[in-house]
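Chain letters run A, B, ... following the sequence lines, proteins first and then strands; every chain starts at 1. A quick note: this is a predicted structure, and the numbers were derived from the prediction, not measured.
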Amino acid sequence: MAERTHETIESGAPDPMPYMHPVMKKNYGKWNFHSHPKPGVLYHRAESGDEIWTVKAGTQRQMDHYTVRKLADLADQFADGYVRFTTRSNIEYMVTDQAKVEPLIKALTDNGFPVGGTANSVSMVAHTQGWLHCDIPGTDASGVVKALMDDLYHDFVNCEMPNRVKLSTSCCEINCGGQADIAIIVQHTKPPKINHDLVANVCERPSVVARCPVAAIRPALVNGKPSLEVDEKKCICCGACFPPCPPMQINDPEHSKIAIWVGGKNSNARSRPTFHKLVAAGLPNNAPRWPEVGAVVKTILEAYKADGRPWERMNDWIDRIGWPAFFEKTGLPFTKYHIDNWRGGRNSLNASAHIRF
Amino acid sequence: MAERTHETIESGAPDPMPYMHPVMKKNYGKWNFHSHPKPGVLYHRAESGDEIWTVKAGTQRQMDHYTVRKLADLADQFADGYVRFTTRSNIEYMVTDQAKVEPLIKALTDNGFPVGGTANSVSMVAHTQGWLHCDIPGTDASGVVKALMDDLYHDFVNCEMPNRVKLSTSCCEINCGGQADIAIIVQHTKPPKINHDLVANVCERPSVVARCPVAAIRPALVNGKPSLEVDEKKCICCGACFPPCPPMQINDPEHSKIAIWVGGKNSNARSRPTFHKLVAAGLPNNAPRWPEVGAVVKTILEAYKADGRPWERMNDWIDRIGWPAFFEKTGLPFTKYHIDNWRGGRNSLNASAHIRF
Amino acid sequence: MAKQMINTPNLDELESGPWPSFVTGLKRLAKDNDMMVDLMGQLETSYETKFGYWKGGTVGVVGYGGGVIPRFTELKDENGKPKFPEAAEFHTLRIQPPAGMHYTSDLLRQMCDAWLETGGSGLIAFHGQSGDIMFQGIKTEDVQRSFDKFNEMGFDLGGAGPALRTSMSCVGAARCEMSCYDEARALRTVINNNLDDMHRPSLPYKFKFKFSGCPNDCVNAIQRSDMATIGTWRDNIRVNEGQVREYYNAKGMNTLVNDVISKCPSKAITLESAAKVDKSNAGLSVADLGDGNAMCIDNKNCVRCMHCLNVIPGGLLPGKDKGVTILVGGKGVLKIGATMGTVVIPFMKMESDEDFEKLNDLARNILDFFAENALEHERTGEMIERIGLVNFLEGLDIEVDPNMIVHPRTNPYVRTDGWDEEAEKWFERKQAAAA
Amino acid sequence: MAKQMINTPNLDELESGPWPSFVTGLKRLAKDNDMMVDLMGQLETSYETKFGYWKGGTVGVVGYGGGVIPRFTELKDENGKPKFPEAAEFHTLRIQPPAGMHYTSDLLRQMCDAWLETGGSGLIAFHGQSGDIMFQGIKTEDVQRSFDKFNEMGFDLGGAGPALRTSMSCVGAARCEMSCYDEARALRTVINNNLDDMHRPSLPYKFKFKFSGCPNDCVNAIQRSDMATIGTWRDNIRVNEGQVREYYNAKGMNTLVNDVISKCPSKAITLESAAKVDKSNAGLSVADLGDGNAMCIDNKNCVRCMHCLNVIPGGLLPGKDKGVTILVGGKGVLKIGATMGTVVIPFMKMESDEDFEKLNDLARNILDFFAENALEHERTGEMIERIGLVNFLEGLDIEVDPNMIVHPRTNPYVRTDGWDEEAEKWFERKQAAAA
Ligand code: SRM
Ligand code: SRM
Ligand code: SRM
Ligand code: SRM
Ligand code: SF4
Ligand code: SF4
Ligand code: SF4
Ligand code: SF4
Ligand code: SF4
Ligand code: SF4
Ligand code: SF4
Ligand code: SF4
């Protein structure tokens, strides 16, 4: 390492004010109206009467610097040189001159950035790392998201859903992608295969044992060496032992499958926030385009689009029609795996005579 | 024992038909209308056009045979000789001649049987055994119920509540009285006092150990004799060890207190069935009339009566106004004990920003 | 038979007030019954000391292992002699009533007579919380003859201990338009075919059946029984338009909206312009209100909660395709907290002899599964909590159904390598049902 | 700098279709960057074998214990040599963005320059799920100078490992009429006063703060953070009648009823005849609709869910007595299943300097409590599950409040001998509040 000339300043999270559009800065905390003029465009008005139009576009998140520079150039050309990114890796351009909205949309579109993701569209998928960078992934992330967004392009650039749709994907069961209206998550189906030669050197055995949610791991001597042993009857194939102990290989090209979950919601609007629920599993990890996953996601979205009432999020829709109807309308099979057997699972059993026929 | 002349017939649950009012028998399964002409009176009409009036009266449940005979005589005088008892120990007289309704009401009332308990009244308290017969009671049952029903008499013979009100009392935490709109239940507040001299002879130690929900009991040698020991830090004073091991005395004149629970509901009407919730505790076991208990029950009923909307059961009312308002309107204190710390207690925490101010 | 009455200042307090007084009743009995004199003595002591003084024991009748609740006094003097010797034994006979708790006046009097004749105290409770008539207060030596007397009259002991318990059914078909099946028949079918498990306790713990004619659940089956049988229907709510209009005309639009429409838990009821009602929708129950409005019920979305039927009795009635929902696992507070039963059979017809036979088989299978799989002192609710609902269903050969859950699992903690086979089962069932 | 491109038939499939392709981006970079050539080689291999090939390690910058995610290849030939040597090290720098993720075009370009100048791959992710800018692809030897460069520009590393993590706040006050406090200030107050816990990981496990301006929770704070700060208000919903009428005139009565009134979770909104509105009720927000009807919101019963404000933006606005609700314990799926945060502070003003100071103190106290009481690899949600919410509150000297629960306990499994004292505390607080 070359000699350092700089001494670290622990500056933390930077002040956004120097980077914020002046109209947003001026009216900070003083907005009082918004509307959705068209897909991909937001309109906000401040108490002062100041107005701002936001044009929102999708990106690939994992961007080469050429793409970033292109986005910066567009900001200079159309939007006073300011942008922001949303919590879902969409980029937002703020313009104070309504006349610039359409040219900006055109420029973004011409440059391959889909304009949309606002209001009742399907926004960008919450993104994780996958084979590109993570040390434990069962599948890719950027690739899955690209394939999905190609499929869902129409619903990104249009606002035809009953309410916002938030998707996430996660390349292992840890689920860095989070709770979502539809979540696509790796689901392993076989216990880890242990490379006993490596365990002693690589893994801190007590802490691995402690990580297992079902206490299926115990220390053992294998071929005379200290290693670990998994009770395969107990193991639920969650993969939690793999990060602290890479010799406990959980990933498998065949048996690491993909599961689909629906109805997660973080917002407090109407119903309380709620977790997503398992609806489909056993889908193959079919790189490079995961067509089986896309097909199920589209089926669910179509049913929701056709049947949901205005302002019903995915979970609100299902709450209204009931789970039997969800499985009927999507044609997805209902299996014993849908019935929770984890701690507290009793809370999800139907403890009433409320039944739809 | 004298010599038996009879050989047991395992006859089981008797056929009700021989004891059923002929009009009920005739129209069995073919009723199609009911109404509530006045408190204590039901009107039912069958598809055939047959009509029947039911007059309902309260009893002390634990009845001397003179009382039973009196009730039987009234049946002969006014109701063709048929009666039934409800799930809450009220007696019902069925009459086919409307003209008999008022005389019957008068006769019942004159004989000290309050006519009421129908529709939106406070019905008879679900009753248990208490000091009269149970081997583990912390308080009485018949006495508590008598004192309460004296207090609630007006609301038994009138129908002024938003919906039916179902009460229960239980003389120990086991709660034979069941879930109720308002439940009055013994709540012990100190760990059992162990008579170590008796344990070895009386208690099967492993099964006592197994009964404790928090694993607070362990076998121990005390004064050289096999006995049991309670970890008082863990013990939640539930008393579950007392029935299988009477030397583990849980009852205490001072420390066995009374708690009040609200919002239990077994019916599926509107909301799903739900358990009652703790709202007050620490009330003294103040025989012979438990005035402190009656006062709290009345306070709750008054708040419900004043604020509940038609058809709202206790739980529906509280669901609508929220628990903060419940504590406000009743003036009952909210304490740390209301916050569930039992298994799965997390489900009762407010995992949302839904808050009433 | 002329023991002096004991001073009972505490109990006396319970003679005042408008509600019928059990103390007055006890005193009436005590006049010519020494056992009751002493019983009052012990009870008064309890009121003073705030302690109970009974302990259990073993008392029964020939051939039976349960049904009598034995009580021996523990209130003794320094020499170990009972302070109230006449009530030193004060057992209870649990007798099963006619299903639905119907009585003639004669039967009531005969029961009083039988009780007194055979040494009973004269105290009777109609009824215990499980549904027994409780004849309270008899000495060990009199138990057998008292039982024999009742048995001769056609009555039998109920349950106690780790056994099948006495059951309850609501008044139901006898006098209620909500009733969806013959509750009394169901009760008697299930109970009377399993009496061995009632009379000779050898289950892991108690087991209760309860029968309600509709989801109003007037016997609290869902919470207080291991297997709850609750009436319901599959087709459309029946509408008696005249009756609905009568309600509407009497109460008005506001009340209809506030009390009926907006209280439907699944928003299955809507108010429509009568002219615009979708007549092609076979799943719609419609009541034309006569003023251009119509109340419509979307039966696909109705969860059979009963509320609207309750508010407009006779105007809205259960459908004609009736049957029952069966829920398993309700119980009291020991040792995991109270539980509700949960759905294991969403719907089962309950009309023909075969239907009742099927119910009987199911009940027997559940009892057998419980007997074989529950730990000692474990209720069905706890057993299911421990082994998981799916294992319970598989043990009984019952297929999974989304009506068994409120929502699918929210955690990935499950091994799903049999997914495809399980999915196949579903598709086959769907196909079979469609065919 | 002119390594030959590797054949990537699988990745090439991801260049078609309308969505921007990261593969096209990678290829663009690979043209003059050997690391990216080899990165594509490894990634293509993963696509073929369906295996990942990274392992972690220890790479950092002077003085910090976290903030860099080290990646070393495990894809090696028979001799243990990396198959794609130029990408054998491919670390990520996690850099904290300006709160709210605002950028000037210049800043973006400067960041690209800095990244390239200091040996970075040219690949940047805006942003990671926790909110970091992720500069992805750098060798160990370049990490320090790359960081130094960013640090000179005013940027700092984010969190990794058992540490305080990078935070996120919604756009909020900058452009949203729902915003109830200065989210960016709150974020910077809390994060920048606790940087030691971010840069020198020594907590039991990760700890995340997130800040949403209102209960719409646009940063998923409730589920994805250990301490969620969510804006709310205590007084009445503000009504801009003109704006409400504009909505009403455009959409009509049916839509008002179906989309607004009947979707209010606590039925706090009613439609009234304008003439009959109870003007004496200070807790009522009223919008006269101009046609004899009025929409009324009973603010005592409004749970601040945001729904009606969302449907009629500008017409209904948060009140003026604004502040935050604080929830603790949200986290992902390990090891007890995902959890939501639960309310520990129902309301706290967030306007004055002192208010922000109080927030800062609370955050610090919670971090300290977590550091002292959590087990290794235990998140706050798990810790609270283990010790109970009440112990957590007592440790922090926070008083209990019924807004912390959905309902009181349903089981008697608690020792209540301190009832009177606890009740006394409540009465004292109530009295103090009333005084
Ligand atoms: C830009 C962004 C905040 C940011 O700081 O980056 C944002 C901005 C707005 N959100 Fe959001 N939300 C943003 C992420 C979210 C999220 C988090 C997420 O995407 O994972 C949620 C929670 C989702 C969930 O429940 O899991 C979220 C739940 C909402 C809701 C509640 C929707 C509902 O009914 O459940 C509203 C209200 C509404 O739709 O009017 C809302 C409303 C809005 C409004 C209308 C607020 C306003 O008045 O400006 C903004 C409109 C943006 C649009 O594109 O339509 N925003 N919003 C985020 C855009 C993400 C994206 O690019 O898609
Ligand atoms: C007689 C009895 C059944 C029996 O076999 O003995 C009975 C009879 C009727 N019940 Fe019941 N219920 C009886 C116990 C119950 C119970 C169980 C209990 O009391 O513990 C419940 C469940 C309570 C709970 O949720 O915990 C019960 C919940 C209902 C409901 C649902 C109320 C609700 O809105 O939640 C209705 C519907 C209604 O009120 O119209 C109902 C309706 C009725 C009707 C109107 C049914 C009918 O059409 O005849 C009967 C009116 C009786 C009356 O007195 O107003 N009955 N009913 C029971 C009388 C008990 C008593 O003396 O008070
Ligand atoms: C007599 C009765 C109360 C009454 O006065 O009505 C009663 C009385 C007793 N119950 Fe009960 N239970 C009675 C109905 C109930 C009910 C209600 C029901 O059956 O619908 C329940 C709640 C439902 C349930 O089954 O869980 C009930 C839940 C219990 C429990 C807790 C069971 C549990 O799993 O949580 C016990 C404790 C035990 O069995 O170990 C219990 C135990 C007892 C014992 C045997 C106490 C003991 O362990 O020694 C009591 C005998 C009292 C006596 O001297 O007669 N009793 N018990 C009821 C039975 C009368 C009858 O046969 O009709
Ligand atoms: C990079 C990122 C995904 C992404 O592409 O955006 C990510 C990537 C990883 N996460 Fe994550 N998590 C990322 C946001 C999240 C989130 C979302 C959030 O922060 O809002 C969650 C859910 C919320 C939460 O905190 O629970 C999340 C829950 C986890 C967990 C599960 C924690 C739990 O308590 O359940 C782990 C496992 C662990 O920490 O042991 C984990 C672990 C990991 C590790 C470190 C895998 C490991 O254990 O080796 C991944 C490193 C990948 C890499 O090579 O960079 N990651 N992780 C996100 C961080 C980027 C950033 O700094 O901005
Ligand atoms: S979801 Fe799993 S594999 Fe994907 S980035 Fe997160 S920890 Fe890595
Ligand atoms: S995969 Fe999960 S359940 Fe199986 S051994 Fe590893 S940690 Fe335990
Ligand atoms: S509640 Fe307890 S004390 Fe009362 S009868 Fe039941 S078991 Fe006995
Ligand atoms: S009272 Fe309950 S908690 Fe305490 S030792 Fe006995 S069984 Fe255990
Ligand atoms: S449960 Fe239903 S059928 Fe039975 S009495 Fe009650 S309302 Fe009637
Ligand atoms: S019975 Fe059906 S339609 Fe009627 S209120 Fe209940 S769910 Fe609604
Ligand atoms: S959380 Fe609320 S304040 Fe923040 S951006 Fe979303 S809607 Fe606006
Ligand atoms: S913000 Fe309040 S009034 Fe509006 S819908 Fe939500 S709870 Fe109802």
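For C:R224, the part lying near chain B is the side chain, with the backbone staying farther off; criterion is any non-hydrogen pair under 4.5 Å. For B:S89, the parts lying under 4.5 angstrom from a heavy atom of chain C are both the backbone and the side chain. Proximity to chain C is absent for every atom of B:C238, based on heavy atoms less than 4.5 angstrom apart. Residue B:L74 does not touch chain C at all, counting heavy-atom pairs closer than 4.5 Å. With a threshold of 4.5 angstrom between heavy atoms, C:H199 approaches chain B through side-chain atoms but not through N, CA, C or O. For C:M36, no part lies under 4.5 angstrom from a heavy atom of chain B. Only the backbone of B:E173 has a heavy atom closer than 4.5 Å to any heavy atom of chain C. With a threshold of 4.5 angstrom between heavy atoms, B:F85 approaches chain C through its backbone and through its side chain. With a 4.5 Å cut-off on non-hydrogen atoms, C:P9 does not touch chain B at all. Residue contact with chain B, scored on non-hydrogen atoms closer than 4.5 Å, involves the side chain of C:M168 exclusively. Proximity to chain C (any heavy atom under 4.5 Å) is restricted, for B:T274, to the backbone atoms N, CA, C and O. Looking at C:E152, the atoms closer than 4.5 Å to chain B (heavy atoms on both sides) sit in the backbone and in the side chain alike. Only the side chain of C:N192 comes within contact range of chain B, with heavy atoms under 4.5 Å apart. In this structure, chain C has a heavy atom under 4.5 Å from the backbone of B:K265, while its side chain stays farther away. Looking at C:R109, the atoms closer than 4.5 Å to chain B (heavy atoms on both sides) sit in the backbone and in the side chain alike. Contacts of C:M178 with chain B are made by side-chain atoms alone, with heavy-atom separations under 4.5 Å and no backbone atom involved. The contact between B:Y153 and chain C is made entirely by side chain atoms (from C-beta outward), counting heavy-atom distances below 4.5 Å. For B:T86, the part lying near chain C is the backbone, with the side chain staying farther off; criterion is any non-hydrogen pair under 4.5 Å. Neither the backbone nor the side chain of B:P246 comes within contact range of chain C; no heavy atom of the residue lies under 4.5 Å from a heavy atom of that chain. Interface residue B:R45: only side-chain heavy atoms are found under 4.5 Å from chain C. Proximity to chain B (any heavy atom under 4.5 Å) is shown, for C:D113, by both the backbone and the side chain. For B:I52, the part sitting under 4.5 Å from any heavy atom of chain C is the side chain, from C-beta outward, and nothing else. For B:H133, the parts lying near chain C are the backbone and the side chain together; criterion is any non-hydrogen pair under 4.5 Å.
Comparing B:A269, B:S271, B:A287 by how many heavy-atom pairs each has under 4.5 Å with chain C, the most go to B:A269. Heavy-atom pairs under 4.5 Å with chain B were tallied for C:L26, C:L123, C:L108; the largest tally goes to C:L123. Of the residues considered (B:M20, B:K25, B:Q249, B:R61), B:R61 shows the highest number of contacts with chain C, using heavy-atom pairs under 4.5 Å. The choice from C:L107, C:V219, C:L317 that makes the most heavy-atom pairs within less than 4.5 Å of chain B is C:L107. Your options are B:M94, B:R343, B:E92, and the one with the most heavy-atom pairs under 4.5 Å with chain C is B:E92. Top candidate by heavy-atom pairs under 4.5 Å with chain C, chosen from B:S11, B:P18, B:C176, is B:S11. The candidate from C:D259, C:L375, C:T24, C:L157 with the greatest count of non-hydrogen atom pairs under 4.5 Å with chain B is C:D259. In terms of heavy-atom pairs under 4.5 angstrom with chain C, the leader among B:N27, B:N111, B:D73, B:I91 is B:D73. For the options C:D217, C:L39, C:I191, C:N310, heavy-atom pairs under 4.5 Å to chain B are most numerous at C:N310. Comparing B:L148, B:D140, B:V214, B:N175 by how many heavy-atom pairs each has under 4.5 Å with chain C, the most go to B:D140. Of the listed residues (C:L195, C:V61, C:T45, C:I124), the greatest number of heavy-atom pairs within a distance under 4.5 Å of chain B belongs to C:I124. Top candidate by heavy-atom pairs under 4.5 Å with chain B, chosen from C:C264, C:P313, C:S167, C:C305, is C:C305.
When all heavy atoms are compared, the tightest approach of B:F113 to B:K70 is CE1-CG, 3.9 Å. For C:D156 against C:Y64, the heavy-atom pair with the smallest separation is OD1-OH, 2.8 Å. In terms of heavy atoms, B:K166 sits closest to B:A180 at O-CB, 3.3 Å.
For C:F90 and C:W54, the ring centers sit closer than 6.0 Å to each other. Ring-centre distance between C:Y103 and C:H127: below the 6.0 Å cut-off. In summary, the aromatic rings of C:W115 and C:F147 are positioned with their centroids too far apart to meet the 6.0 Å limit.
For B:H21, the ring pair (Phe, Tyr, Trp, His ring centres under 6.0 Å) test picks out B:Y82, with sequence neighbours left out. Qualifying ring pair (Phe, Tyr, Trp, His ring centres under 6.0 Å) partners for B:H255, counting only residues two or more places apart in sequence or in other chains: none.
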*When you look at C:R28 and B:D64, which way does the salt bridge (Lys or Arg N to Asp or Glu O under 4.0 Å) test go after all the steps?*
CA-CA 8 Å; C:R28 225 146 34 201; B:D64 56 295; 3.1 Å; yes
_B:Q179 vs B:N266, side-chain hydrogen bond (donor to acceptor under 3.5 Å, both in side chains): CA-CA, chis, key distance, verdict_ = CA-CA 7 Å; B:Q179 301 291 317; B:N266 298 283; over 6 Å; no
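Between C:D142 and C:R145 there is a salt bridge, with a side-chain nitrogen of the basic residue lying less than 4.0 Å from a carboxylate oxygen of the acidic one. In this structure, B:R289 does not pair ionically with C:E13, as no charged nitrogen and carboxylate oxygen lie closer than 4.0 Å. Between B:D151 and B:K146 there is no salt bridge, since none of the side-chain N atoms of the basic residue sits less than 4.0 Å from a carboxylate O of the acidic one.
For the pair C:N193 (side chain) and C:T189 (backbone), a donor-acceptor distance under 3.5 Å is present.
To the nearest 0.5 Å, the span separating CZ on C:F22 from NZ on C:K27 amounts to 11.0 Å. Rounded to the nearest 0.5 angstrom, B:N90 CG and B:T59 OG1 are separated by 6.5 Å.
Counting only heavy atoms from C-beta outward, the side chains of B:P162 and B:W311 never approach each other to under 4.5 Å. In this structure, B:N268 and C:M306 have side chains that are not in contact, with every pair of non-hydrogen atoms separated by 4.5 Å or more. Counting heavy atoms from C-beta on, the side chains of B:F156 and C:W19 come closer than 4.5 Å.
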